[in-house]
Student: 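Take this structure first; my questions come after.
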Amino acid sequence: MRKVRVRFAPSPTGALHIGGVRTALYNYLFAKKHGGDMLLRIEDTDSARFVPGAEDYIVESLKWLGIEIDEGIGVDKAGPHAPYRQSERKAIYRKYVNQLLEAGLAYIAFDTPAELDAKRAEIANFQYDAKTRGLMTNSLTLSENEVKARIENGEQYVVRIKIEPNEEIKVQDLIRGEVVINSSVIDDKVLFKSSDELPTYHMANVVDDYLMEISHVIRGEEWLPSAPLHVLLYRYLGWTEVMPQFAHLPLLLKPDGNGKLSKRDGDRLGFPVFPLNWKDPKTGETSSGYREAGYFPEAVVNFLSLLGWNSGTEQEIFSMQELIDQFSLDRVSKSGAKFDYEKGKWFNNRYLQLKSNEEIATIFQQILIEKGIEQELDKVTRIVSLVKERANFVIDLWGQSSFFFTAPTEYDAKTIQKRWKAETPAQMTELISVLTAIDDFTAENTETIVKDWITAKEYNLGGVMNAFRLSVVGEPKGPHMFDIIAVIGKEETIKRLQRAVNNINIK
RNA sequence: GGUCCAUUCGUCUAUCGGUUAGGACGCCAGGUUUUCAUCCUGGAAAGAGGGGUUCGACUCCCCUAUGGACUACCA
């Protein structure tokens with residue numbers, strides 16, 4: 001049994017899309033499950049679409065998510081198959097292109113893009129293949145000398161694969177089973193372009209997967225139509241015996257409407273489609289990322305893992321290790337998954353609840369500092385413990401707990417109307433004296449004393465407590481009142497009560 | 001247009017011929033709570049349609065419909 005070696009091979013054309021992240025994740029899970037290696041290779045064979053910074057972005061994204069690379073880009077020591085950037089492997093591809101040319105399995109074509117466009121306009125459903133290549137300008141229609149002359153003249157050309165028609169090409173897919181496509185519908189794809197001396201995806205991909213000893217190609221469904229071409233390339237190159245196994249993953253779809261999830265959907269619907277914030281160096285346009293939106297990487301991984309795969313059990317929360325242990329390609333679904341952002345939030349909520357108060361407090365402390373509030377970790381931890389369960393994100397904690405740090409400056413009008421009665425100011429003034437007399441300001445003690453007072457005076461518990469809350473918090477929300485005042489302290493509590501008595505007027 | 005892939009609650013999905021078609025998100029209702037939230041309980045909610053095969057189909061086959069991907073000197 002061959003060692004499992006998989007690769008994630010994005011092209012550096014911008015930020016790593018969330019669908020790409022899932023592909024990387026599934027590759028990683030599969031590799032680790034089988035004790036194999038995960039490679040990161042950069043497919044930068046399209047010089048025109050290269051975007052600076054994209055490669056670093058990809059490396060940083062995977063690192064943030066905990067998807068560890070064993071070999072290739074982003075690893076300190078160059079691996080045994082270096083380089084791992086396709087633009088740096090020109091000579092390698094050239095050799096195999098020549099091999100194909102010499103064997104008569106590929107040919108040179110001089111048709112310019114303009115000429116091809118003209119043909120497409122002229123002939124409906126034009127396809128460069130066995131039926132049409134005799135009409136075109138290539139080494140099959142030109143004499144050997146003319147081909148040589150044109151090349152020596154510096155004329156640009158491409159190398160095309162020569163597909164023999166009318167053969168049923170079979171692709172064994174680990175997720176979909178056998179897929180059969182007739183070779184007649186495959187066109188003579190460009191394998192190599194002289195303009196930049198670089199191969200196209202198809203050629204580079206097959207050559208590299210072979211040389212890097214890739215055992216399984218796990219990639220998006222958009223590659224399924226070209227898989228037969230790749231099978232043919234392995235055959236033409238004489239590598240059928242070591243051809244990797246294929247698995248084509250279902251796509252991530254738009255939450256609403258139709259089509260695959262795109263960057264624009266994120267902007268339109270208000271959620272990130274990238275792992276990290278990204279600023280496009282050309283347009284200056286920025287896109288938000290899950291990290292900066294406050295997601296925990298574990299939540300993103302967990303959420304993504306379940307978009308197209310399930311364990312077959314009712315478990316929903318998985319650590320990376322559990323995912324590795326339970327992952328299996330035959331439990332990957334065949335149909336596309338609509339991206340459900342609401343569920344993503346829920347996953348973050350679960351991880352927030354799972355984390356220790358102190359860990360969250362450490363993060364929250366930074367947010368507080370940005371708001372100009374410096375607090376000791378102990379106190380922040382205590383506050384976190386009181387409000388954590390009502391938050392999905394660490395940032396939500398601010399909305400739930402800001403009153404711990406700053407006294408209310410205004411009071412919720414609806415609540416005044418409902419809870420601030422004619423007798424309230426007198427009761428609150430009385431409450432001030434009750435609280436003033438308390439030395440031990442713990443929640444248990446203040447609760448006992450205040451409740452005894454309310455009972456003794458035969459006041460309405462709800463009436464007093466709600467007015468008390470309004471005075472201290474400013475709104476009808478928050479944790480248990482006595483927990484709140486234990487944190488903010490006696491002096492501040494009394495101050496807030498006094499201010500409420502002075503400022504709230506009954507309409 | 002052509003080729004290929006897919007089709008269970010609104011969404012993610014379980015079911016691998018016999019189930020009251022299960023779970024989760026979201027939604028709704030009730031309960032707990034001095035407030036809000038949490039939490040607890042409950043509820044509504046699905047096999048695209050039509051043919052077969054079979055004692056019996058969500059499950060297997062065919063057709064139709066619908067959705068998606070691909071159809072570049074992009075990946």
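Here is the naming used below: chain letters follow the sequence lines, and residue numbers restart at 1 for every chain. Keep in mind that this is a model prediction, so the values were computed, not measured.
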Student: Taking the P atom in each of B:A48 and B:U66, what is the distance between them to the nearest angstrom?
Tutor: 15 Å

Student: Does B:A21 have a Watson-Crick or wobble mate here (both distances under 3.5 Å), and if so which one?
Tutor: none

Student: Between A:Lys189 and A:Asp187, is the closest basic N to carboxylate O distance under 4.0 Å?
Tutor: yes

Student: From CG of A:Leu251 over to C1' of B:A75, roughly how many Å is that when rounded to an integer?
Tutor: 14 Å

Student: Choosing from B:G23, B:C12, B:A75, which nucleotide comes nearest the side chain of A:Lys193?
Tutor: B:A75

Student: Nearest whole angstrom, please: distance from the C1' of B:U71 to the CG of A:Asp129.
Tutor: 12 Å

Student: Evaluate the ring pair (Phe, Tyr, Trp, His ring centres under 6.0 Å) criterion for residues A:Phe403 and A:Trp398: first the C-alpha distance (whole Å), next the side-chain angles of each, then the deciding distance (0.1 Å), finally the verdict.
Tutor: CA-CA 9 Å; A:Phe403 55 85; A:Trp398 171 249; 9.7 Å; no

Student: Thinking salt bridges, do A:Asp340 and A:Lys343 make one under a 4.0 Å N-O criterion?
Tutor: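 Looking at A:Lys343 together with A:Asp340, the answer is no, because their closest N to O distance does not fall below 4.0 Å.
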
Student: Considering only nitrogen or oxygen atoms on both sides, find all protein atoms under 3.5 Å from nucleotides 1-6 of chain B and state each distance.
Tutor:
unit_1	atom_1	unit_2	atom_2	d
B:C5	O2'	A:Arg176	NH1	2.6
B:C5	O2'	A:Glu221	OE2	3.3

Student: I'd like to check A:Gln127 versus A:Thr132 (side-chain heavy atoms, cut-off strictly below 4.5 Å). Are they in contact?
Tutor: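 Heavy-atom side-chain distance check fails, nothing below 4.5 Å.
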
Student: Measuring only the C1' atom in each nucleotide, how far is B:A45 from B:U35? A whole number of Å is fine.
Tutor: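 It works out to 33 Å between them.
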
Student: Can you list the steps and then say if A:Arg41 with A:Glu43 is a salt bridge (charged side-chain N to carboxylate O under 4.0 Å, His left out)?
Tutor: CA-CA 6 Å; A:Arg41 182 173 76 213; A:Glu43 309 223 328; 2.7 Å; yes

Student: Could you check whether A:Thr45 gets within reach of a base, just the sugar-phosphate, or nothing at all, counting any heavy atom under 4.0 Å?
Tutor: sugar-phosphate

Student: Quick one: look up who B:G1 pairs with, Watson-Crick or G-U, both distances under 3.5 Å, and put none if it's unpaired.
Tutor: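 Paired with B:U71.
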
Student: Check the distance between B:C12's C1' and A:Phe347's CZ and give it to me in whole angstrom.
Tutor: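 In whole Å, B:C12 C1' lies 9 Å from A:Phe347 CZ.
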
Student: Can you tell me how far P in B:U38 sits from the matching atom in B:C28, rounded to whole Å?
Tutor: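 Result for the P pair: 12 Å, nearest Å.
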
Student: Set out, in order, the CA-CA distance, both residues' side-chain angles and the distance that settles side-chain hydrogen bond (donor to acceptor under 3.5 Å, both in side chains) for A:Asn166 and A:Ser184, then state yes or no.
Tutor: CA-CA 5 Å; A:Asn166 291 318; A:Ser184 298; 3.2 Å; yes

Student: Taking atom C1' of B:A72 as reference, at what distance in whole Å does atom CG of A:Leu229 sit?
Tutor: 14 Å

Student: Under a 3.5 Å cut-off for both distances, is B:U35 Watson-Crick or wobble paired, and to whom?
Tutor: none

Student: Would you say the side-chain atoms of A:Glu167 and A:Asn182 include a donor-acceptor pair closer than 3.5 Å?
Tutor: no

Student: Is atom CD of A:Gln417 surrounded by more than 12 heavy atoms (other residues, nucleotides or ligands) closer than 6.0 Å?
Tutor: no

Student: Could you write nucleotides 25-37 of chain B as a row of B, S and -, 5' to 3', where a protein heavy atom under 4.0 Å of any base atom gives B, of only sugar-phosphate atoms gives S, and otherwise -?
Tutor: B--------BBBB

Student: What is the base-pairing partner of B:U8, counting Watson-Crick and G-U wobble geometry with both distances under 3.5 Å?
Tutor: none

Student: Using a 4.0 Å heavy-atom cut-off across all strands, classify A:Lys260 as base, sugar-phosphate, or nothing.
Tutor: sugar-phosphate

Student: So which atom in A:Gln86 and which in A:Leu198 form the shortest heavy-atom distance, rounded to 0.1 Å?
Tutor: O-CD1, 4.5 Å

Student: Of all the heavy-atom pairs spanning A:Ala109 and A:Asn138, show the shortest one and how long it is.
Tutor: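 Scanning both residues completely, I find the closest heavy atoms to be CA-CB, 3.7 Å.
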
Student: Hey, which of these two, A:Ser11 or A:Arg350, hits RNA chain B nearer its 5' end, going by closest nucleotide?
Tutor: A:Arg350

Student: Can you tell me how the ring of A:Tyr107 sits relative to the ring of A:Tyr128, calling it parallel under 30°, perpendicular over 60° and tilted otherwise?
Tutor: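 Geometry flag for A:Tyr128 against A:Tyr107: tilted rings.
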
Student: Measuring only the C1' atom in each nucleotide, how far is B:G50 from B:C55? A whole number of Å is fine.
Tutor: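 Approximately 23 Å lies between the C1' atom of B:G50 and that of B:C55.
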
Student: When the ring planes of A:His202 and A:His230 are compared, do they come out parallel, tilted or perpendicular, using 30° and 60° as the limits?
Tutor: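 Judged by the thresholds at 30° and 60°, the geometry between A:His202 and A:His230 is tilted.
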
Student: Measure from NZ or CZ of A:Lys355 to the centre of the six-membered ring of A:Phe296, then state whether that distance is under 6.0 Å and the direction lies within 45° of the axis.
Tutor: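 The answer is yes, since A:Lys355 meets both limits relative to A:Phe296.
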
Student: Please report the distance separating the C1' of B:U8 from the corresponding atom of B:G1, rounded so that it comes out in whole Å.
Tutor: 32 Å

Student: For B:G30, give the paired nucleotide (Watson-Crick: N1-N3 plus N6-O4 or O6-N4; G-U: N1-O2 and O6-N3; both under 3.5 Å), or none.
Tutor: B:C40

Student: Roughly how far apart, to the nearest Å, are B:U33 and B:A14 at atom P?
Tutor: 41 Å

Student: Which part of the nucleic acid does A:Arg219 contact within heavy-atom distance under 4.0 Å: base, sugar-phosphate only, or nothing?
Tutor: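 If one applies the 4.0 Å heavy-atom cut-off, A:Arg219 turns out to touch nothing in the nucleic acid.
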
Student: Using a cut-off of under 3.5 Å, enumerate the N/O to N/O pairs linking the protein to nucleotides 14-16 of chain B.
Tutor:
unit_1	atom_1	unit_2	atom_2	d
B:A14	OP1	A:Asn310	ND2	2.9
B:A14	O3'	A:Arg331	NH2	3.3
B:U15	OP1	A:Arg331	NH1	3.4
B:U15	OP1	A:Arg331	NH2	3.4

Student: Is the shortest distance from a Lys or Arg side-chain nitrogen in A:Glu221 or A:Lys334 to a carboxylate oxygen in the other one below 4.0 Å?
Tutor: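 No.
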
Student: Which of the following nucleotides, B:C12, B:C73, B:A75, is nearest to the side chain of A:Lys338?
Tutor: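 Of the options given, the side chain of A:Lys338 lies nearest B:C12.
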
Student: OH of A:Tyr201 versus C1' of B:C70: gap in Å, rounded?
Tutor: 13 Å

Student: In whole Å, measure the gap between the C1' atoms of B:A57 and B:U15 for me.
Tutor: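 Here B:A57 and B:U15 have their C1' atoms 13 Å from each other.
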
Student: Can you identify which nucleotide, out of B:A72, B:A75, B:C12, has its nearest atom closest to the A:Ala337 side chain?
Tutor: B:C12

Student: Which of the following nucleotides, B:A24, B:C12, B:C73, is nearest to the side chain of A:Glu316?
Tutor: B:A24

Student: Rounded to whole Å, how long is the line connecting atom OH of A:Tyr107 with atom P of B:C73?
Tutor: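 These atoms are roughly 11 Å apart.
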
Student: For atom C1', what is the distance between B:G22 and B:A46, given to the nearest Å?
Tutor: 12 Å

Student: Can you tell me how far C1' of B:U66 sits from CG of A:Leu253, to the nearest Å?
Tutor: 13 Å

Student: Select from A:Lys189 and A:Pro199 the residue whose nearest nucleotide in RNA chain B is closer to the 5' end of that strand.
Tutor: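 Of the two residues, A:Lys189 wins.
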
Student: Starting from P on B:A72, measure out to CD1 on A:Ile186 and report it in whole angstrom.
Tutor: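 After rounding, the gap between these two atoms is 14 Å.
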
